[in-house]
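Encoded as structure tokens, the structure appears first; notes follow it.
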Amino acid sequence: MEFFDRFTVPNPSPTIYASMVAIGLTIIAILAGLTYFRKWGYLWQQWLTTVDHKRIGIMYLISALLMLFRGGVDALMMRAQTAIPENTLLNAQEYNEVFTTHGVVMILFMAMAFVMALMNFVVPLQIGARDVAFPRLNALSFWLYFMGAMLFNISFVVGGSPDSGWTSYFPLAGNEFSPSVGTNYYMLAIQIAGLGTLITGINFIVTILKMRAPGMKLMKMPMFTWTALITNVIIVFAFPVLTVALAMGTMDRLFGTNFFTTTNGGMDMLWANFFWVWGHPEVYILILPAFGIYSEIIPTFARRNLYGYKSMVVSIVAISALSFVVWVHHFFTMGQGALVNSIFSITTMAIAIPTGVKIFNWLLTLWKGKIRFTVPMLYSLGFIPIFTIGGVTGVMLGMASADYQYHNTMFLVAHFHLVIIPGVVFAMIAGMTYWWPKIFGFMLNERIGKWSFWFIAISVCLTFFPMFISGLDGQARRMYTYSESTGYGIWNGLSFIGAIGLAIGFALIVYNVYYSTRYAPRNIGPDPWDARSLEWATHSPVPEYNFAIVPHVNSSEAFWDAKKKGHDLFPGEYKKIHMPNNSGLPFILSAFFFVFGFAMVFSMWTLAILSALGIFGCMLYRSFEKDHGHYISVKEIKETEKKLGGI
């Protein structure tokens, strides 16, 4: 029994036991369904081994939606616990675990996956490419992310969840104050997923710089592709810092080193600096692609060219540079002195300037436009005022002297969520709805989508606006309970009602997917929105090779100009197309990473060594593997094009 004792949850409760049963039954149902419907071969051949950027994007999308609801349940539990004074729904330890997992899941496993989903599917199409530069690395990126997410999520029922906050500050995250294996899960799961993200960054930089269609110069790229390029540059510079920090934290916990301890030469503030040198650029890794999505949607439904294309590009680059020089504002109150605080206060407020430029670009694009209020456009319009409120309160937090009042209160929680939800979640729902017909060949229901938007938009305000008031009244974040005499009850009660509204809104999205899958018409054509960029010039859904003939581009809105000015997008004739072969190696390699991470969490050294050998064995096999891909013949291309309705 001693061997199995290490896997037990340190703070079991009926919720944990119910989750164990639910997870077990779900796994059994999935295995039984695959066996009954004889889908094992299909699953392996079409999905687990795919290197097609479109299928990888779909898998990211499904994973992101699952993580959205996983993190959403945590959010509901927190709001329910604080809805009334002295509530006992969760105890202190359970609350610590819930807010820790909520933050990690939402930022690293939901929002990042949404970004990667849309980048994977859309960017190669927008630049007229057949695939990404390194298709197998792209598959490995997804599976490393997925295995990291699964490793983190099993902590809930095997060994216990991390409980030291999503920032995992030391010394709280050290063995003395977090003796369970929960923080080990944090260190290793994020490390594995982060490795996949870093690989994605390198892959997409090469793809965008080297695989654009003829005529597509940098200043003719669609704005979403521009934001994807800059985002991946940030990833390549920021994620190695996180990798090093997590490796050092892992060694502190497992091998007794003293990088972040408060004794023996360690420095706990070193973790805070490392974390936020990565963590604040991470915010813009999420926000910039969202800006790109809005920059695609707003011109489409305002039926106007994007105002100030060059200024948008300059502002994106400026934001990426400034994102690396603001990290200290996360610990203005931790004693680094007035001079340092002043410098970082100025850089923090400076980053609002290029962000404001983009807001005015979108507003001027809307000016005198013939606006169509579709679901993607509603999210894009709703984003502007709510995000502006979140941004202005961020400038307030950027004032170092005032931050002593705001820091670590619910005011900060309100600010952060009013930036991330409209700036990321709204964008991801808008982008998913906008590109859904290109991904799946049918449209989501507009009526249900609009109901969902209004529930979500109103509920976001109802959930987080009261937190500004309770925060200014002194309510600290991460408090699992409070007394009635504080007066926080009314504000937290309103926030809980808002959280219920958010849950209804997201449930409507799920229903919309179900309803539209069953009843939406399939004869919508390749361009149902009358859009402007290159991805709409090919079929819906997109064939394996993306474009039968490589497009030739004359402007940043090549497809729009082809429709309105008669530009010939597809000069030339059919030629055989080279495509990569599927491979099971990325999935197998990532599975070894999962086993290695699990073994390290529980200090199972023999299993860790064996899985590490498996990792190096897969890498060695790939080094000597000869796989030159395959060709799609002209005859096959013509048959496919005829079936899909021509180019």
Do [X] and [Y] have side chains that get closer than 4.5 Å, going by heavy atoms?
X      : Y      : value
Tyr406 : Met396 : yes
Ile192 : Phe596 : no
Leu418 : Thr393 : no
Ile287 : Val419 : yes
Leu68  : Met428 : no
Phe387 : Phe291 : yes
Ile456 : Phe426 : yes
Tyr185 : Val181 : yes

Decide if atom [atom1] of [X] counts as having more than 12 heavy atoms of other residues, nucleotides or ligands within a radius under 6.0 Å.
X      : atom1 : value
Phe237 : CZ    : no
Trp166 : CH2   : yes
Met267 : CE    : no
Tyr404 : OH    : yes

message: Ring centroids only, cut at 6.0 angstrom: are Tyr488 and Trp491 within range, meaning strictly under it?
response: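 When the ring centroids of Tyr488 and Trp491 are compared, they turn out to be at least 6.0 Å apart.
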- prompt: Taking the six-membered ring where the residue is Trp, are the ring centres of Phe331 and Trp276 under 6.0 Å apart?
  reply: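 Centroid separation for Phe331 and Trp276: 6.0 Å or greater.
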Which atoms form the tightest heavy-atom contact between [X] and [Y], and what is the distance?
X      : Y      : answer
Ile234 : Ser323 : CD1-OG, 4.4 Å
Asp163 : Ser178 : OD1-OG, 3.4 Å
Arg253 : Ala173 : NH1-O, 2.7 Å
Thr225 : Met221 : CG2-SD, 3.7 Å
Phe344 : Val325 : CD2-O, 3.3 Å
Pro162 : Tyr186 : CB-CB, 4.1 Å

I need the [X] [atom1] to [Y] [atom2] distance, nearest 0.5 Å.
X      : Y      : atom1 : atom2 : result
Thr82  : Arg79  : OG1   : CZ    : 3.5 Å
Thr355 : Ile316 : OG1   : CD1   : 10.5 Å
Ile199 : Asn138 : CD1   : CG    : 10.0 Å
Ser315 : Ile353 : OG    : CD1   : 12.0 Å
Ile386 : Leu381 : CD1   : CG    : 11.0 Å
Thr481 : Leu89  : OG1   : CG    : 11.0 Å

- request: Give the intermediate values and the outcome of side-chain contact (heavy atoms from CB on, under 4.5 Å) for residues Val132 and Leu137.
  value: CA-CA 9 Å; Val132 295; Leu137 273 184; over 6 Å; no
When you measure from the side chain of [X] to the backbone of [Y], do you find a donor-acceptor pair of N or O atoms at a distance under 3.5 Å?
X      : Y      : result
Asn120 : Gly57  : no
Asn341 : Phe332 : yes
Asp252 : Phe260 : yes
Ser155 : Leu151 : no
Thr409 : Gln475 : no
Asp268 : Thr261 : no
Gln81  : Tyr480 : yes
Thr388 : Ile384 : yes
Glu296 : Phe224 : yes
Asn203 : Phe134 : yes

field: Any residue meeting salt bridge (charged side-chain N to carboxylate O under 4.0 Å, His left out) with Arg70, in chain and number order, not counting sequence neighbours
entry: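 Partners of Arg70 under the salt bridge (charged side-chain N to carboxylate O under 4.0 Å, His left out) test: Asp74.
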field: Residue pairs passing the ring-ring contact (aromatic ring centres under 6.0 Å, His included) test where at least one lies in residues 105-124, sequence neighbours excluded
entry: Phe109-Phe152
Any idea how [X] and [Y] line up, ring-wise: parallel (<30°), tilted (30 to 60°), or perpendicular (>60°)?
X      : Y      : result
Tyr145 : Phe142 : tilted
Trp278 : Phe275 : perpendicular
Tyr284 : His280 : tilted

task: Determine, stepwise, if the pair Tyr95 / Met78 fulfils side-chain contact (heavy atoms from CB on, under 4.5 Å).
output: CA-CA 7 Å; Tyr95 192 80; Met78 284 189 288; 3.7 Å; yes
- request: Please step through side-chain contact (heavy atoms from CB on, under 4.5 Å) for the pair Tyr60 and Val115, ending with a clear verdict.
  value: CA-CA 9 Å; Tyr60 268 120; Val115 168; over 6 Å; no
task: Run through Leu108, Thr101, Ile107 and flag the one making a side chain to side chain contact (heavy atoms under 4.5 Å, CB included) with Val104.
output: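 Option passing the side chain to side chain contact (heavy atoms under 4.5 Å, CB included) with Val104: Leu108.
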- prompt: For Phe598 and Phe602, what are the C-alpha separation, side-chain angles and deciding distance, and is it a ring pair (Phe, Tyr, Trp, His ring centres under 6.0 Å)?
  reply: CA-CA 7 Å; Phe598 185 83; Phe602 291 98; 5.0 Å; yes
Test side-chain contact (heavy atoms from CB on, under 4.5 Å) applied to Val105 and Asn153, step by step: CA-CA 8 Å; Val105 166; Asn153 277 282; 4.2 Å; yes
